[in-house]
Visitor: 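Handing you this structure, nothing more for now.
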Amino acid sequence: MPELPDVETFRTVLDSCAGGRTVQRVEVRDTGVLHGVSAARFRRELEGCRFAESERHGKWLLARTDGPTLLLHFGMTGQLVCCRPDENLHPHDRVTFTVGDDRQLRYRDQRKLKGLWLAGGEDVERLLGSQGPDAADIGRNDFDLLLTQRGGGVKSALIDQSNLAGLGNLLADEILWRARVDPAREAGRLTKEERGRLYTDMRRTVRSAVRAGRVPPRKTWLTGHRDDTDATCPRCGEKLRRGRVSGRSTVWCPHCQTG
DNA sequence: GCATATGTTATGAA
DNA sequence: TTTCATAACATATG
């Protein structure tokens, strides 16, 4: 699930659930989601800390506290939910943070592909050092450079987090479809116009997906037809094509998205 | 058993 | 050095 818009939602969940509150109790129910830190130290270092305002970079969520920073990555199936402490645990609730008599933040994740890190000042830089600029606030010129200076396919350029942080498989397909660019095109060979359309449509798509809290499966969007059998393009009605591009399942319209 | 899944990363090859 | 394809990670669903 999680791409930039989902992580942005988790950021608001974190801030509204736990922002300004003190961690009363940490429970690590599955150590498999902890990285580089033991369950004992994780608890010890976070209990008693107060959550400050959190930040997001790409698909990373940075939960600042008056102590260490908690870094969260949601892989494909992670989420952050706000519960009451007495609510039944979900089988995939891996770590819980009790932040009040009535509030408990839970890191819930089925597949445990990523998880939680604990970081002091420089550790944050080290963990996020390889991330490219965030897709939600990159400027037009920088975006242009990311495409022109890069070898390989345009879809790969969009979803490579070290190039541009935040876009995932669904968003990339949606943006390429809106901008009418074939996902297999070489990034460096796009025209100035195509790069301009990609930038504008990336901004639009990311903005409305953030407002929706996720990449919305609207029928006017390509994303709304990903799972259709015999899916057709919501713009021209042509049959959509699916295949693998840059190693990921890809859906595109061979009529609208020309090479 | 097989294929699929919105993410990342190690590995070997081009 | 960069980029690509592939497998791996852990788990569920069709």
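Only this structure's heavy atoms are used, side chains among them; waters, hydrogens and symmetry mates stay out. Just so it is clear: chains get the letters A, B, ... in the order the sequence lines come, proteins before strands, and each one is counted from 1.
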Visitor: Evaluate the side-chain hydrogen bond (donor to acceptor under 3.5 Å, both in side chains) criterion for residues A:D93 and A:H90: first the C-alpha distance (whole Å), next the side-chain angles of each, then the deciding distance (0.1 Å), finally the verdict.
Guide: CA-CA 5 Å; A:D93 284 336; A:H90 186 282; 5.0 Å; no
Visitor: Pick base, sugar-phosphate or nothing for A:G153, based on heavy-atom distances below 4.0 Å to the nucleic acid.
Guide: sugar-phosphate
Visitor: Less than 4.0 angstrom from a charged side-chain N to a carboxylate O is my criterion; do A:D66 and A:R50 meet it?
Guide: no
Visitor: If you find the nucleotide of DNA chain C closest to A:Q149 and the one closest to A:R244, which residue's nucleotide is nearer the 5' end?
Guide: A:Q149
Visitor: Just to confirm, is there a sub-4.0 Å distance from OP1 or OP2 of B:dT6 to any side-chain nitrogen or oxygen of A:R248?
Guide: yes
Visitor: When you get a sec, tell me which of C:dT3, C:dT11, B:dT9 is the closest nucleotide to the side chain of A:R150?
Guide: C:dT3
Visitor: Is A:S156 touching bases, backbone alone, or none of the nucleic acid, heavy atoms closer than 4.0 Å?
Guide: sugar-phosphate
Visitor: Hey, is the side chain of A:H92 poking within less than 4.0 Å of OP1 or OP2 on C:dA10, counting only N and O atoms?
Guide: no
Visitor: Establish, from distance only, whether the side-chain atoms of A:R203 and A:Y199 form a donor-acceptor pair under 3.5 Å.
Guide: yes
Visitor: Measure from the side chain of A:S249, starting at C-beta and using heavy atoms only, and say which of C:dC9, C:dT3, B:dT6 lies closest.
Guide: B:dT6
Visitor: Can you measure A:L113 atom CG to C:dA12 atom C1' for me and round it to whole angstrom units?
Guide: 12 Å
Visitor: Rounding to an integer number of Å, can you tell me how far A:K155 NZ sits from C:dC4 C1'?
Guide: 15 Å
Visitor: Indicate whether OP1 or OP2 belonging to B:dG7 is found under 4.0 Å from a side-chain N or O atom of A:H73.
Guide: no
Visitor: SG-SG distance between A:C17 and A:C82 under 2.5 Å?
Guide: yes
Visitor: Which nucleotide wins on minimum distance to the side chain of A:K59, given the candidates C:dC4, B:dG7, C:dT11?
Guide: B:dG7
